[in-house]
Protein chains: 2
Amino acid sequence: MTTTRGTEGYPAFRRKISNHQDEFLREVFERHHAVIRIKKEAVVLRKLQIIFDTTLELSNQHGFQATSVRDLSVATGISMGSLYSYIESKDRLLSMIQSYGQVVVNRTLRIPEHLTVPLERLRHLLRTHVYITEILQPWFYFSYMESRHFDPDARERAIAGELRTERLISELLQEGISQGAYRVENPELTAALIKPLLQEWYLKRWKYRRRRITVDDYADGMIAFVESAVGGR
Amino acid sequence: MTTTRGTEGYPAFRRKISNHQDEFLREVFERHHAVIRIKKEAVVLRKLQIIFDTTLELSNQHGFQATSVRDLSVATGISMGSLYSYIESKDRLLSMIQSYGQVVVNRTLRIPEHLTVPLERLRHLLRTHVYITEILQPWFYFSYMESRHFDPDARERAIAGELRTERLISELLQEGISQGAYRVENPELTAALIKPLLQEWYLKRWKYRRRRITVDDYADGMIAFVESAVGGR
DNA sequence: GTCTATATTCGGATAGAC
DNA sequence: GTCTATCCGAATATAGAC
């Protein structure tokens, strides 16, 4: 069976990202430096990691509003007082988590320049998107479900991120059309229809896990579906 | 431009549904009869309508948890005390709203028996789904975003509803395949990929409104996309 | 049936000892 | 840097007059 996986596949991608984990956290630390009362970087990074992970876990079960800072304190094993010297407020915690994901996405979701054929560029975008949302599944789910509670600024950025991906897809489709690789009537609507196929992966993660469909299974199937829909073999 | 709309289109569908509005509310009233302290049916139906609509509106802006019963009282113009003689508790309100949508969906989402060709049956299912989620957009959005807060029972039913649609799609695909109308490798995965295209309509409603894409525009485009993906003409 | 006033619980946030 | 104890506002829910 032929795939469109390129040379690497998911495991390699994952390894590459996890090497940079600390850099991402450090950038978040710097951004919110002013309100974090603890000074030792190493301590902060370790704690932020725990706090973020636990918040995502609890929130994705019960919702962010329904998750009390007390719950968080118990689940992390960090006392209320300590916790507040890292997060300042529950609102700030929300915004810290939001920046965390954005930092990771901004640094990793790039189409490499050596890919020039639109068809390959689109494939790469779709596959990488699935990969990155696999690694950051809790964050993407959280960001999707809680974006209503973001402050206007953060919300703005979340929506902007959404639309950027969609526009990128739309552009790649149009390039492909003008080169005769795709047959599509309405590239904007088509791009809008492809987007939820990317989101599906992190929104219904549990369903695919239960059905034993792996990241690469999904990426392969989804890409085949899309390419068939846009008439690109 | 050819469409697959059949004879009717959305406006006719809408008219048909709104004639039954009161029946739907009455069924909800009956289901929760025991906990509603007001006895006159006409009064109850009128109030429930207002309470449900307002709750959906407020919740879809700020989330259900973040919406206080006080907010609801102010927005509906019904005092706290009165309100509680209709809803019993905030949890019960959640469950009443959930049943409301389920009643409507159960009574309207049926494939007519005069359609026998799988290809037409699938088309009808997709289009009707878009139509019904257009009418009940606030409810579907609510149900999707708040399902984490449902009690285990209600949650069960929500998931069951989800899977039923998906299985139905999958079955129609398989019929189509065995009749040579579609070319699909993996009907289950394909059905799973079609599902989010239906959900897209009520989850990103604002986006399509801004772009002046109507219900029928969306249904047409989405159906064309799907049929192209599954190799059906 | 509807209202106002109030009891009670809970959750965010802080003070200050260690 | 971390903890315990506590404050205070907000939200659910009810009592009881009209």
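Here is how names work: the chains are called A, B, and so on, in the same order as the sequence lines, proteins then strands, and each is numbered from 1.
Taking atom CG on D91(B) and atom P on dA13(D), their separation rounds to 7 Å, with Å as the unit. Distance CZ (R37(A)) to P (dG16(C)): 13 Å, rounded to an integer number of Å. Here the P atom of nucleotide dG1(C) and the CD1 atom of I36(B) are 11 Å apart, to the nearest Å. Look at CG on L94(A): it is 15 Å from C1' on dG12(C), rounded to the nearest Å. Atom CZ of F64(B) and atom C1' of dT12(D) are 12 Å apart (whole Å). Going from atom CG of L58(B) over to atom P of dA11(D) covers 13 Å, rounded to whole Å. I87(A) places its CD1 atom 16 Å from the C1' atom of dG1(D), with the value rounded to the nearest Å.
Under a 4.0 Å N-O distance rule, the pair E171(A)/R121(A) does not qualify as a salt bridge.
Residues H129(B) and T165(B) have side chains that never bring a donor and an acceptor to within less than 3.5 angstrom of each other. A donor and an acceptor atom, one from each side chain of E162(B) and Q199(B), are located under 3.5 Å apart. When only modelled atom types and interatomic distance are considered, H20(A) and R107(A) share no side-chain donor-acceptor pair under 3.5 Å.
Within the nucleic acid shown, S73(B) has no heavy atom closer than 4.0 Å to any nucleic acid atom.
Ring centroid separation for the pair Y141(A) and Y202(A) does not come in under the 6.0 Å cut-off.
Y208(B) and W201(B) have tilted rings, their planes meeting at an angle from 30° to 60° on a 0 to 90° scale.
In terms of phosphate contacts, Y84(B) brings a side-chain nitrogen or oxygen within less than 4.0 Å of OP1 or OP2 of dA13(D).
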Every protein N/O lying under 3.5 Å from an N/O of nucleotides 2-6 of chain C:
unit_1, atom_1, unit_2, atom_2, d
dT2(C), OP1, K47(B), NZ, 2.5
dT2(C), OP2, Y86(B), OH, 2.8
dC3(C), OP2, S79(B), N, 3.0
dC3(C), OP2, S79(B), OG, 2.8
dC3(C), OP2, S82(B), OG, 3.4
dC3(C), O5', S79(B), OG, 3.4

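Side-chain proximity of K40(B) to the nucleotides dG1(C), dA13(C), dG1(D) is greatest for dG1(C).
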